[in-house]
Amino acid sequence: MHKGSNLERVGRYNLTVVLDLIRRSGEGLSRVQLVESTGLSTQTVSNIVRRLLEEGLVAETGKVAGKMGKPRTLLRIDALSRFAVGVHLDPSVISCVLLDLSGAVAARSHIPIRSVAGPDQTVRVIAEAVDALIDKSGVERGRVIGVGMAAPGPMDASGGGVVGPPLLTGWERVDLCEGLRGATGLPVFLDKDSTAAAHGELWISGESAPHDFAFVYLGTGLGSGLVINGEVVRGSSNNVGEIGHFSAGIDGPVCSCGRPGCVGLTTMPSYLVGRAVEAGILEPSAGEPDLQETMARFRLLAAEAREGSAAARAILRDSATRLARAVEDIASLLDLERIVFGGPSWPAVSGLYLAVMREALADRKAVGAIHPLELVDSALAEDVAAVGAGCLVLNELLSPRADGLLLVP
């Protein structure tokens, strides 16, 4: 059944349409250009601009000559008027960024963790990290509009919680939003890490990027985010992109799910380090390795491969070849032109993995018969999920959302 809207919701939607256009313009837009671009009346645009100026979200930044009449005043987003915090909870590190309204990083911090503590203690650590980041930046707390949180999936985003992520032991149903909201006093928004990464890539790349792409996220695990027609796709339960159990060949190792060859296992740093130990490339750990040690040893394995170790390269080539199979499936199913790669584990292996995957997919007719498939590094490197989480907050303020027009019970 179709639902209607009301004047308040329409007014808010129109405001975000104008604000989003100004943000994306770069050099700024005049009121006349906004009328032409939005189709709104001159009076409506004038009223919206007046409100944005009063709230300090935009500023008048100079004049430009028009075709006729007097010069037109340009409007540009006031990037330093508001800020958003983005937090990424990875099982090996907590990353925090402070974004201005343009999406630029004003401050950042990283807290390595050897193992994730219980939910309550973890929320306290995150809240302290958020407070410390804001204090370090010198930004007035009143200018911070919210906290975006990216966490491993699966999750119940509507309930604000994660639902048993594989590497967060004991986190069966944890409401991160409520706990962090209470600890920081700020609005909190939650997203899955791989979806947040896709959101961040879309936000930062703007109009210059294709409107259809998948983001393949490599951290302590594997996931994917999806953008179609310039919109982040989340699915019926906000869990799009759970690709870890895609088959990468029945000759692969047996996954915890009981099936052989799951691509998530064959790209995990812990699995690759284990193979390197078996091959004699790395020394065995003295005891049970924690996540920090595992990630350090994974980067050491990648360094060995870059420096010419044939055995190290063979392990990583096998992993990249299996990942290419999953990438082919994603690209073929969704008719994508671009796959973007990033996440905490990606920088160490990006050069080798991209070379192997481009070679593996070069002659795949299902992928490239109509248009080429571009495989690229993320513009945001390992902080992409934290930036994406911060952009989730900015999206609430700056971006037009058609679903916001609906009247719901």
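The chain is numbered in sequence order, starting from 1.
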> Does the pair Asn238 and Leu190 meet the rule for a side chain to side chain contact (heavy atoms under 4.5 Å, CB included), with working shown?
CA-CA 10 Å; Asn238 291 282; Leu190 178 68; over 6 Å; no
> What distance separates Cys177 SG from Met149 CE, expressed to the nearest 0.5 Å?
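So the SG of Cys177 and the CE of Met149 are separated by 8.5 Å.
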> Is there side-chain contact between Phe215 and Val384, with at least one heavy-atom pair below 4.5 Å?
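Side chain of Phe215 against side chain of Val384, heavy atoms only: contact under 4.5 Å found.
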> Tell me, do Cys262 and Phe246 make a side-chain contact under 4.5 Å, heavy atoms counted?
no
> Is the closest side-chain heavy-atom distance between Leu380 and Val105 below 4.5 Å?
no
> Using the side-chain contact (heavy atoms from CB on, under 4.5 Å) criterion, which residues pair with Val35? Sequence neighbours excluded.
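Listed in chain order: Thr42, Val45.
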> State the OG-CG distance between Ser81 and Leu101, to the nearest 0.5 angstrom.
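With rounding to 0.5 Å, OG (Ser81) is 4.0 Å from CG (Leu101).
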> Are the side chains of Ile94 and His110 in contact, using a 4.5 Å heavy-atom criterion?
no
> Can you name the nearest heavy-atom pair linking Val340 to Ser378, along with the distance?
CG1-CA, 3.6 Å
> Is any side-chain heavy atom of Thr38 closer than 4.5 Å to a side-chain heavy atom of Asn14?
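No; the side chains remain at least 4.5 Å from each other.
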> Got a sec, which pairs hit salt bridge (charged side-chain N to carboxylate O under 4.0 Å, His left out) with one end in residues 32-59, sequence neighbours left out?
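Output for this query lists Arg51-Glu55.
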> Show me the pairs that pass salt bridge (charged side-chain N to carboxylate O under 4.0 Å, His left out) and involve residues 256-267, at least two apart or across chains.
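Of all non-adjacent pairs touching residues 256-267, none passes salt bridge (charged side-chain N to carboxylate O under 4.0 Å, His left out).
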> Do Glu293 and Ser285 have a side chain donor and acceptor closer than 3.5 Å?
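Present: a donor and an acceptor within the cut-off.
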> Can you find a side-chain donor-acceptor pair between Tyr353 and Thr267 that sits under 3.5 Å?
no
> Can you tell whether the side chains of Asp383 and Arg108 come within less than 4.0 Å, N to carboxylate O?
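Yes.
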> Just verifying a value: how many Å separate Asp175 CG and Leu180 CG, rounded to the nearest 0.5 Å?
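One finds 10.5 Å between CG of Asp175 and CG of Leu180.
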> Which distance, rounded to the nearest 0.5 Å, do you find between the CD1 of Ile339 and the OG of Ser224?
7.0 Å
> For residues 57-65, tabulate all N or O donor-acceptor pairs below 3.5 Å that involve a side-chain atom, not counting sequence neighbours.
unit_1 : atom_1 : unit_2 : atom_2 : d
Glu60  : OE2    : Arg31  : NH2    : 2.9
Lys63  : NZ     : Thr73  : OG1    : 2.9

> Please list all pairs meeting side chain to side chain donor-acceptor pair (under 3.5 Å) that have one or both residues in residues 140-150, counting only residues at least two apart or in different chains.
Asp131-Arg141
> Sequence neighbours excluded, which residues qualify as salt bridge (Lys or Arg N to Asp or Glu O under 4.0 Å) partners of Arg82?
none
> Do NZ/NE/NH1/NH2 and the carboxylate oxygens of Asp318 and Arg322 come within less than 4.0 Å?
yes
> Does the pair Val349 and Phe298 meet the rule for a side chain to side chain contact (heavy atoms under 4.5 Å, CB included), with working shown?
CA-CA 9 Å; Val349 296; Phe298 168 71; 3.6 Å; yes
> Does Ala279 have any side-chain contact (heavy atoms from CB on, under 4.5 Å) partners at least two apart in sequence or in another chain, and if so, which?
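Per chain and number, Ala279 pairs via side-chain contact (heavy atoms from CB on, under 4.5 Å) with Ile281, Ile315.
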> Please assess Tyr271 against Leu265 for the test side chain to side chain contact (heavy atoms under 4.5 Å, CB included), listing each intermediate value before the final yes or no.
CA-CA 7 Å; Tyr271 168 76; Leu265 174 60; 4.0 Å; yes
> Would you check if Ser92 and Gln292 make a side-chain contact, meaning some heavy-atom pair closer than 4.5 Å?
yes
> Please identify each residue that fulfils ring-ring contact (aromatic ring centres under 6.0 Å, His included) with Phe341, with sequence neighbours left out.
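If we apply the ring-ring contact (aromatic ring centres under 6.0 Å, His included) test to Phe341, skipping adjacent residues, the hits are Trp346.
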> Identify, with sequence neighbours excluded, every residue that meets salt bridge (Lys or Arg N to Asp or Glu O under 4.0 Å) alongside Asp135.
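Asp135 satisfies salt bridge (Lys or Arg N to Asp or Glu O under 4.0 Å) with no residue once adjacent residues are dropped.
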> Could you tell me the separation between the NE2 atom of His199 and the CG atom of Leu226, rounded to the nearest 0.5 Å?
13.5 Å
> Could you tell me which non-hydrogen atom of Leu361 sits nearest to which non-hydrogen atom of Ala324, and how far apart they are?
CD2-O, 3.7 Å
> Could you tell me the separation between the CD1 atom of Ile48 and the CG atom of Leu34, rounded to the nearest 0.5 Å?
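These two atoms lie 9.0 Å from each other.
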> Please test Glu242 against Lys192 for side chain to side chain contact (heavy atoms under 4.5 Å, CB included), starting from the C-alpha separation and ending with a verdict.
CA-CA 10 Å; Glu242 292 292 324; Lys192 198 170 66 164; 3.0 Å; yes
> Taking all non-hydrogen atoms of both residues into account, name the closest pair between Ser345 and Met295 and its distance.
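Taking every non-hydrogen atom into account, OG-CE, 3.2 Å.
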> Using side-chain heavy atoms (C-beta onward) and a distance below 4.5 Å, is Leu29 in contact with Leu74?
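Side chain of Leu29 against side chain of Leu74, heavy atoms only: no contact under 4.5 Å found.
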> So, using ring-ring contact (aromatic ring centres under 6.0 Å, His included) as the criterion, who are the partners of Tyr217 when residues are at least two apart?
His88
> Test of understanding: with side-chain contact (heavy atoms from CB on, under 4.5 Å), list the residues that count as partners of Val393, not counting sequence neighbours.
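Once residues adjacent in sequence are excluded, the partners of Val393 under the side-chain contact (heavy atoms from CB on, under 4.5 Å) criterion are Ala84, Ile145, Phe189.
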> Does any non-hydrogen side-chain atom of Val227 lie less than 4.5 Å from one of Asp212?
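Of all side-chain heavy-atom pairs linking Val227 with Asp212, none is under 4.5 Å.
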> Can you sort out the partners of Ala104 under side-chain contact (heavy atoms from CB on, under 4.5 Å), two or more places apart, ordered by chain and number?
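Once residues adjacent in sequence are excluded, the partners of Ala104 under the side-chain contact (heavy atoms from CB on, under 4.5 Å) criterion are Asp100, Ser102.
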> Thinking salt bridges, do Arg313 and Glu307 make one under a 4.0 Å N-O criterion?
no
